[in-house]
Each structure stands twice: as structure tokens, then as C-alpha cells.
Novice: 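Pasting a structure here, questions to come.
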Protein chains: 2
Amino acid sequence: MVSAMKDVKGAPLADTAAFRLGRLGALAADRFTARIAAHGVKPKHVALLAALAAGGAESQQDLAGVLRVAPSLVVGLADRLEQLGAVRRERDPVDRRRQVLSLTEAGHTLLAQCTADAHAVDAELLDGLSGKAKETLRATLAEIADRHGLSI
Amino acid sequence: MVSAMKDVKGAPLADTAAFRLGRLGALAADRFTARIAAHGVKPKHVALLAALAAGGAESQQDLAGVLRVAPSLVVGLADRLEQLGAVRRERDPVDRRRQVLSLTEAGHTLLAQCTADAHAVDAELLDGLSGKAKETLRATLAEIADRHGLSI
DNA sequence: AAGAATCATTCAGAGTGAGAATGATTCTGA
DNA sequence: TCAGAATCATTCTCACTCTGAATGATTCTT
């Protein structure tokens, strides 16, 4: 029964985008983490800043949704960013349960620095790829993120 | 000083491949993790199986290098896989300090199942992209991984 | 006005991984 | 040949991150 003969090597695990994204994502995250440590923040802090800059999410509850983390986690992130003077935290006068976060001038600066760090990681991570390949990659990642509701 | 006027929005953080890889990597990893849980393993177990299948790493020390984790972590991974009957663990007769791991028939089967899971995650993660875009993405990720010594 | 729902916060606990200490084995050099 | 250094696997402790369950304050509903 020749038809029962199967490939010795089917498409390897490493050929899947899922697995590679996991590995490369961890690599990228590690490098980004190392760079932004100089500013006293971690990726989740930066994500929160970016979410604020993007608009559409002000309350900690909303931010938890955008970042896809538990609301209780946002408390600590906001604590830290407030301590750094990067965000303001004010009770919503209309609904005093809500904490409304907003970027300060220092927050914008911090976000810009971290964005520069991300670009630096890009440069070393994508080094060797053609400019076109880089563009295509960014566009494809953006589309995938978009399709899965990852605004940030 | 018109030249001092800076963009209100420079290239956003989300435009970097680094940041998106981190986010999408986590997303992909979560979904992959959920699927393979049915087989009683986690991504690191699968990575170990894949590393064995790829060849070139037999000892736990070598595997730790390939997986980029501490050797102490490999112990638990190998314990679990051995318990599942997916790997054999034998002392190297030439150097009895080394544990030589090898895939059993069940190990090959398990890896194949997990690879199928990864393909399933690919399907839903990349849904909507053109076939060409998927191919380009996989190739680009492969190249990046390669350039950074990520054999697995 | 009372009870349900919502938001932020605190707290306890699970999960993950690194690094130091240990023991067994092998290597090195005199 | 032998003593000390080096290597490998293992165990154990610790730090870190995150979630989910209380809790209290406030708002919504009827």
C-alpha cells in the first residue's frame, strides 16, 4: 500500500506563523524590555501610554479591555506611571467611580522615547531584510492585529 | 521657528514590528497553548519535541541552548515528556553525565498533533490574508528567526 | 429609597522561570 | 596517576507576573 506511506517530514512546526510569532514575539519583547528599562517602565506601561495616546480609552476599566489584562493589573501600572509623572489620574466628575487617566507632557515624552526604543529594536531585529520586506511585514502584522481587535 | 514644529503624531508605537510582534506573539501563544492543552503539554514541551525532531541537540544542556531557557527548566520538561512516553531518556554511555533524549513513536505522533494545532491557529490567525501574503509572512518570519539563531 | 450593578482597589494564590547549591562524572595538567 | 577544575543533571529557593475573589464607594434601576 504505497498510499499509506506518509512523509517522513511533514510541514515542520517551525513553518507555522503561530509558532514563529510566539518565539519572535518573546525575542522582540525581551529586547524592548531591556531598552525601556532605562526609563523605569515595562512593556505594559508603554502599552498603557500608547492606548491613552490613541484615545478611546480613558478609564482603567476601558484600558484593561484594550490591553487585555485584568482591571486589577491596571491599578499598579497607573500607580507607577503617575509616580513617574507620565499620567494624570482624576476622578470623573460625572461618575466618581471612574478614574480618568490622561497623558501629561512628560507622558508624551516618555512614550516618544519608548517608541524610539521600539524602532531601534526594529532596526536590529529586521536587519538584513529589504526595505520592501520590512514594509510588507509591518503592514501584514498591522492587518492581522486589526482583524483580531488589537488596537494596541 | 517653523522647523521646531514637530509632528503631532510621529510614527506610532504600534507601527513598529517589535511591538506588534510582542502583542501578536502573545496572542498566538495563548491560542496555541489552549489547543495543545488537550494533549497535556505546553509550548515549551512542543518546542523540545521539535528540537529533538530537527536533530542536532540531544543532551538537556544542548536543548536548553536551543530553547533558550535555563538547563534546570529542561529537567521538568523532559520529566513530563518522558512520563507521557514521548521521549526516551538514556545516559550517554560515553559520557555518563549527559542525558540523551530521543523521540519515541508516541513522541513523533504528539509532535504531529501539536503541529496540526499550530496550523489550525495559523488558519484562524491569518484568516483574511491572501495566500501570497501568508506565504510572504511565513518566509519573512523564517528569515528573521534564522538571522537571530532561532533554529526553533 | 432599596437593591443591583459598576468601578477601583487590595489581597491571596497560581504559574513560570532564573540562579545558586549539590552530587556525579569527566577532563586537564603536572 | 592523581588532584583539582570543569561539565552535566538535578533540586530548591526566590522573584516576578498575572488572575480572580473580596471590599468599599458610587451610580443605576425601578
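Below, chains carry the letters A, B, ... as their sequence lines are ordered, and counting in each starts from 1. Because the structure is predicted, anything quoted here is derived from the model rather than measured.
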Novice: In whole Å, what is the span from the CG atom of A:D79 to the P atom of C:dC11?
Specialist: 12 Å

Novice: Any base atoms under 4.0 Å from A:V74, or only sugar-phosphate, or nothing? Heavy atoms, all strands.
Specialist: nothing

Novice: Say whether, by atom type as modelled, one donor and one acceptor occur between the side chain of B:R138 and the main chain of A:T16 under 3.5 angstrom.
Specialist: no

Novice: Take atom CD of B:E90 and atom C1' of D:dC8, then tell me their distance rounded to the nearest Å.
Specialist: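 It works out to 17 Å between those atoms.
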
Novice: Salt bridge or not between A:R96 and A:E90? Use side-chain N to carboxylate O under 4.0 Å.
Specialist: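 A salt bridge is absent here (no side-chain N lies under 4.0 Å from a carboxylate O).
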
Novice: Does B:K42 offer a backbone N or O that forms a donor-acceptor pair with the side chain of B:H45 under 3.5 Å?
Specialist: yes

Novice: Starting at CG of A:D92 and ending at P of D:dA25, how long is that distance when rounded to a whole Å?
Specialist: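 For the pair A:D92 CG and D:dA25 P, the rounded distance is 19 Å.
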
Novice: Rounded off to whole Å, could you give me the CG-to-P distance for the A:D62 and C:dA8 pair?
Specialist: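 Taking CG of A:D62 and P of C:dA8, I get 8 Å after rounding.
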
Novice: Without decimals, in angstroms, what is the distance between B:D95 CG and C:dT26 P?
Specialist: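 It works out to 6 Å between those atoms.
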
Novice: Measuring to OP1 and OP2 of D:dC8, would you say a side-chain N or O of B:Q99 lies under 4.0 angstrom away?
Specialist: no

Novice: Rounded off to whole Å, could you give me the CZ-to-P distance for the A:R91 and D:dT26 pair?
Specialist: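 Whole-Å distance recorded here is 8 Å.
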
Novice: If you group Ile, Leu, Val, Met, Phe, Trp and Tyr by side-chain heavy-atom gaps below 4.5 Å, do B:L73 and B:L84 land in one group?
Specialist: yes

Novice: Has the side chain of A:S72 got a donor or acceptor atom sitting under 3.5 Å from an opposite partner on the base of D:dG20?
Specialist: yes

Novice: At less than 3.5 Å, do the side-chain atoms of B:R97 and the base atoms of D:dT7 form a donor-acceptor pair?
Specialist: yes

Novice: Taking the minimum atom-to-atom distance to the side chain of A:V75, which one of C:dT10, D:dA9, C:dT25 wins?
Specialist: C:dT10

Novice: Between A:R98 (CZ) and D:dC28 (P), how many Å, whole number?
Specialist: 11 Å

Novice: Please check the phosphate of C:dT6 (OP1 and OP2 only) for any side-chain N or O of A:Q61 closer than 4.0 Å.
Specialist: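 A:Q61 to C:dT6 OP1/OP2: no side-chain N or O under 4.0 Å.
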
Novice: Send over the distance from A:H45 NE2 to D:dC16 P, rounded to a whole Å.
Specialist: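 Nearest whole value for this atom pair: 13 Å.
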
